[in-house]
J.: 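What follows is a single structure, and I will ask about it in a moment.
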Amino acid sequence: MKIHKINQQTVFKSSFRQYTPKANKDFKHYGKMIIKTYSKTLREDIDLRDLLRYAVPHFKDVPVVNTYSLACSDLSEAYSYKIAVMEEVPKELQSKFSNVFASDIDKRILAAARSGRINIFSSEFAEALRLYGYDLTKYFKDKKVSVMVQGDDISESDTISSYEPIKELKEKLIIKRSDILTELKNIKDNGNSIVMSRNALPYTSDDYIDEVIYTANRNLKKGSLFAIGEFDNQAIELYKKLLAKDFFCPLSGKNNNIVFEHI
Ligand SMILES: C[S@@+](CC[C@H](N)C(=O)[O-])C[C@H]1O[C@@H](n2cnc3c(N)ncnc32)[C@H](O)[C@@H]1O
């Protein structure tokens, strides 16, 4: 089957934040930490709190749940998921939900992910508290280098700083260089997966998207979840495409949640 190459130029143009020369200079002192894509912790386009409240009873009969963050960027999404697990899942079940397999195609962003630190905007702390009631200062420590940035995707200037995630966020987290389609092709699923693929597919080709959906449909067993964000849905009507396959959307319309269950 033919796999169409994605246009990386498009991906990077739209996904990388533009930093001011001052920000670039300051972050250079910390080498790999310069990179951050258009990603942030606890994004509003998917409510991980609701996702987990649904997933806990849904997966009650499986021994372990594997979560995949496809196009993981700087691990904002993987860390957000782990935070939501610690906040929402009963203590005795947390280890069942803690395996995360994160992958991305871009070498530079993976180097940033593997640096063990993450850049976070100050507004993300306020937003996590407002949207979810989560206090991110419990999860990200050792604040270093704060710089003011004015980026493409933020309308006002904001301060961004480098943090170290606490060790619980880094445990049972496997980072790998791979593309969305390859990961889905190789997935060993037993109806116990949560696959998150957010804010990357809209930058790929129609053929690539169709093949991702075809592969998800073929390789995910009954019960596994496929989560996209509200943005993906608006951009490429993934909702309709997935519904046309054997997926249904149990949390449809609730807090932007576009989480599909394979039936
Ligand atoms: C805008 S970020 C989204 C990050 C994250 N999923 C989120 O929602 O916060 C887009 C990321 O997708 C990655 N990417 C783009 N196309 C990809 C593909 N076909 N397979 C894997 N990663 C891809 C880019 O390298 C970039 O890190």
Side-chain angles (χ1 to χ4, degrees), residues 2-18 32-48 51 67-84 100-115 118-121 123-124 127-128 131-132 136 151-154 165 169 173-187 194-216 226-236 238 256-259:
K2 193 162 180 228
I3 300 170
H4 291 260
K5 261 197 145 32
I6 59 153
N7 180 349
Q8 295 212 353
Q9 215 56 31
T10 319
V11 172
F12 298 138
K13 211 172 140 233
S14 46
S15 65
F16 277 82
R17 282 179 171 158
Q18 302 297 309
K32 292 167 180 167
M33 289 185 294
I34 189 173
I35 293 181
K36 181 160 174 107
T37 61
Y38 180 54
S39 179
K40 59 181 185 180
T41 50
L42 297 158
R43 291 172 54 143
E44 61 284 79
D45 60 345
I46 186 165
D47 189 329
L48 293 170
L51 167 62
T67 295
Y68 297 83
S69 173
L70 307 183
C72 64
S73 175
D74 62 356
L75 298 178
S76 297
E77 181 175 75
Y79 293 143
S80 301
Y81 170 82
K82 281 182 170 280
I83 290 169
V100 177
F101 300 88
S103 54
D104 199 284
I105 43 163
D106 182 52
K107 268 191 194 159
R108 290 180 303 161
I109 197 68
L110 283 174
R114 288 185 174 124
S115 74
I118 183 165
N119 300 333
I120 306 180
F121 282 106
S123 55
E124 290 173 58
E127 222 171 287
L131 288 174
Y132 288 83
L136 291 189
D152 271 358
D153 51 311
I154 43 171
L169 298 190
L173 171 61
I174 295 183
I175 308 166
K176 183 171 162 192
R177 184 164 181 226
S178 183
D179 82 297
I180 297 169
L181 189 53
T182 307
E183 283 303 278
L184 279 171
K185 283 187 172 170
N186 294 335
I187 203 165
I194 300 176
V195 177
M196 297 192 282
S197 168
R198 191 174 53 165
N199 205 7
L201 287 174
Y203 306 115
T204 66
S205 71
D206 281 352
D207 290 345
Y208 187 89
I209 293 163
D210 287 344
E211 198 160 355
V212 162
I213 295 172
Y214 169 84
T215 310
F226 191 84
I228 60 170
E230 173 68 6
F231 167 70
D232 297 65
N233 193 40
Q234 285 168 6
I236 48 177
L238 262 182
N256 287 343
N257 253 321
I258 312 285
V259 175

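Below, all heavy atoms of this structure are taken into account, side chains as well, without hydrogens, waters or symmetry copies. Numbering of ligands and ligand atoms starts at 1, following listing order.
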J.: Donor-acceptor check, side chain of Thr215 to backbone of Glu211, threshold 3.5 angstrom: yes or no?
T.: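 Judged by distance alone, yes, a pair lies under 3.5 Å.
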J.: Within this structure, what is the CD-CG distance for the pair Glu77 and Asp104, rounded to the nearest 0.5 Å?
T.: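 One gets 10.0 Å once the value is rounded to the nearest 0.5 Å.
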J.: If I compare all heavy atoms of Thr41 with all of Ser76, which pair ends up nearest, and what's the gap?
T.: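 The pair with the smallest heavy-atom distance is N-CB, 3.9 Å.
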J.: Nearest non-hydrogen contact with atom 12 (O) of ligand 1 belongs to which option: Cys72, Ala71, Ser80?
T.: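 It is Ala71 whose heavy atom sits nearest to atom 12 (O) of ligand 1.
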J.: Heavy-atom contacts with Ser73 under 4.0 Å: which atoms of ligand 1 show up? List them by number with element.
T.: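 Contacts of ligand 1 toward Ser73, numbered from 1: 4 (C), 27 (O).
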J.: More than 12 heavy atoms of other residues, nucleotides or ligands under 6.0 Å from CG of Asp206: is that the case?
T.: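 No - once you tally the heavy atoms of other residues, nucleotides and ligands closer than 6.0 Å, there are 12 at most.
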J.: Do side-chain atoms of Arg114 reach the backbone of Ile175 as a donor and acceptor pair under 3.5 angstrom?
T.: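 Confirmed, Arg114 side chain pairs with Ile175 backbone.
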J.: Answer yes or no: does an N/O atom from Asp179 fall short of 3.5 Å to an N/O atom of ligand 1?
T.: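 Checking ligand 1 against Asp179, no N or O pair falls under 3.5 Å apart.
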J.: Examine Asp104 against ligand 1 and note whether any of their N/O atoms are separated by less than 3.5 Å.
T.: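 Yes: some nitrogen or oxygen of Asp104 is under 3.5 Å from one in ligand 1.
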J.: Is there a heavy atom of Ser178 sitting under 4.0 angstrom from any atom of ligand 1?
T.: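 Right, Ser178 reaches ligand 1.
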J.: Is it the case that ligand 1 has an N or O less than 3.5 angstrom from some N or O of Ile180?
T.: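 So ligand 1 has an N or O lying under 3.5 Å from an N or O of Ile180.
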J.: Any idea which heavy atoms bring Glu124 and Leu136 closest together, and the distance?
T.: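 Taking Glu124 first and Leu136 second, the nearest heavy atoms are O-CD1, 3.8 Å.
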J.: Using heavy atoms and a threshold below 4.0 Å, how should the contact between Glu77 and ligand 1 be classified: side chain, backbone, both, or neither?
T.: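 For Glu77, only side-chain atoms sit under 4.0 Å from ligand 1.
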